[in-house]
Amino acid sequence: MMAKRFLAIPLAAVLATIGSVAGIGPFGYAQTSDGGALKTVSHFDAITETSERSKAIFEEASRVMTHPRCINCHPATRSPTQGEDMHQHVPLINASQSSLGPAGLVCSTCHGAENRPIVGSRMKSIPGNAHWSLAPASMAWQGLTVGDICRQVKDTSRNGNRSHADLIRHMGEDHLVGWAWHPGEGRSAPPGSQETFAALVAAWVETGAECPD
């Protein structure tokens with residue numbers, strides 16, 4: 001009954017109310033940034049030891065993986081976070097039964113196929129993508145070290161049974177991964193571009209997919 005009551009309220013009114021709460025910025029409201037430069041693969045050519053070069057390349061790629069645009073949907077629990085400060089999602093979402101959210105309040109209740117501008121709200125826009133969902137529990141990244149994330153990413157029992165080749169395609173071609181660089185007004189983007197990021201992942205694989213300590 002509570003969910004039905006919530007959904008009966010016009011969505012725009014709910015979002016505007018949430019966005020006006022002091023100190024809370026659902027979907028992020030910090031200054032927008034392009035995330036700065038992401039080092040290209042050639043930057044690491046000077047590292048002659050292949051294992052060390054592989055680790056250094058992953059460290060650079062992890063600047064994308066640990067950015068709020070990515071890590072908010074790879075939470076430590078089955079509740080997504082949001083904003084640059086990765087605060088608790090508003091409204092509270094528990095995706096323990098499905099990566100698409102709980103019955104009656106699935107992700108698509110608020111998140112459409114594209115980003116949607118919001119006038120008069122601190123949040124500026126609602127992020128959207130046709131594949132919007134929470135990452136599986138096995139892919140939780142929040143609270144992990146870069147080395148732990150690396151080992152998880154290449155572990156087929158925790159990465160959706162993806163081979164190294166699958167990982168390169170996923171990072172370079174997946175539309176939801178690419179959304180991170182086009183997150184809508186009011187949100188910062190990770191450094192670089194999806195193409196540069198995918199090239200780093202490919203180079204990491206080619207050098208043995210070694211993980212930092």
Side-chain angles (χ1 to χ4, degrees), residues 3 6-7 9-36 38 62-96 98-137 139-142 170-198:
F6 172 83
L7 294 175
I9 302 172
L11 180 58
V14 172
L15 294 173
T17 300
I18 292 171
S20 68
V21 177
I24 295 178
F27 310 107
Y29 57 83
Q31 64 180 8
T32 301
S33 168
D34 63 6
L38 192 65
S62 75
R63 293 177 56 210
V64 172
M65 298 177 183
T66 57
H67 188 277
R69 294 295 74 73
C70 299
I71 209 165
N72 274 335
C73 288
H74 287 260
T77 69
R78 296 311 294 156
S79 294
T81 54
Q82 58 189 182
E84 309 303 303
D85 60 355
M86 297 182 292
H87 59 266
Q88 190 174 70
H89 190 284
V90 180
L92 178 64
I93 297 294
N94 186 309
S96 58
S98 169
S99 293
L100 297 177
L105 195 57
V106 296
C107 298
S108 59
T109 302
C110 296
H111 299 278
E114 298 177 343
N115 300 326
R116 184 168 49 164
I118 295 293
V119 178
S121 171
R122 185 176 297 179
M123 75 181 83
K124 304 298 183 184
S125 64
I126 305 170
N129 184 275
H131 302 146
W132 198 270
S133 66
L134 196 65
M139 300 181 196
W141 292 349
Q142 288 187 15
H170 174 67
M171 300 301 190
E173 300 176 13
D174 186 90
H175 196 258
L176 185 54
V177 173
W179 168 88
W181 286 274
H182 309 278
E185 187 179 359
R187 272 167 234 98
S188 67
S193 66
Q194 186 173 19
E195 293 75 17
T196 303
F197 174 56

Mind listing the closest non-hydrogen atom pair of P102 and I93 along with its distance?
CD-CG2, 3.8 Å
Does the plane of the ring in H111 sit parallel, tilted or perpendicular to the ring in W132? Use 30° and 60° as the thresholds.
parallel
Distance from H131 atom NE2 to C107 atom SG, nearest 0.5 Å?
13.0 Å
Below 30° counts as parallel, above 60° as perpendicular, anything between as tilted: where do the rings of F197 and W181 land?
tilted
Chi angles and distances behind the side chain to side chain donor-acceptor pair (under 3.5 Å) call for H182, N115
CA-CA 9 Å; H182 309 278; N115 300 326; over 6 Å; no
Measure from the side-chain N and O atoms of H74 to the backbone N and O of M139, and report whether any donor-acceptor pair falls under 3.5 Å.
yes
Under 3.5 Å, is there a donor-acceptor pair between the side chain of H87 and the main chain of T81?
no
Given side chains that start at C-beta, do those of M123 and E185 come closer than 4.5 Å, heavy atoms only?
no
Donor-acceptor pair, N72 side chain versus G83 backbone, under 3.5 Å?
yes
Kindly give the heavy-atom pair with the smallest separation between G128 and W179, and that separation in Å.
O-CD1, 3.4 Å
Heavy atoms, side chains only, cut-off 4.5 Å: are S99 and R78 in contact?
yes
Could you check if a side-chain atom of L100 sits within less than 4.5 angstrom of a side-chain atom of S133, using non-hydrogen atoms only?
yes
Would you say the side-chain atoms of Q142 pair up with the backbone N or O of I71, donor to acceptor, closer than 3.5 Å?
yes
Are the side chain of Q194 and the backbone N or O of V177 linked by a donor-acceptor pair below 3.5 Å?
no
Just by distance, do the side chain of R69 and the backbone of S188 share a donor-acceptor pair under 3.5 Å?
yes
Would Q88 and S79 count as a side chain to side chain donor-acceptor pair (under 3.5 Å) here? Give the steps.
CA-CA 8 Å; Q88 190 174 70; S79 294; 5.7 Å; no
Provide the closest heavy-atom pair for P75 versus P80 in the form atom of the first, atom of the second, distance.
CG-CA, 4.0 Å
Testing the basics here: between A95 and L134, what is the closest heavy-atom pair and its distance to 0.1 Å?
CB-CD2, 3.6 Å
Hey, does the side chain of R187 reach the backbone of S125 with a donor-acceptor pair shorter than 3.5 angstrom?
yes
Heavy-atom pair of closest approach, residues P68 and E84:
CG-O, 3.6 Å
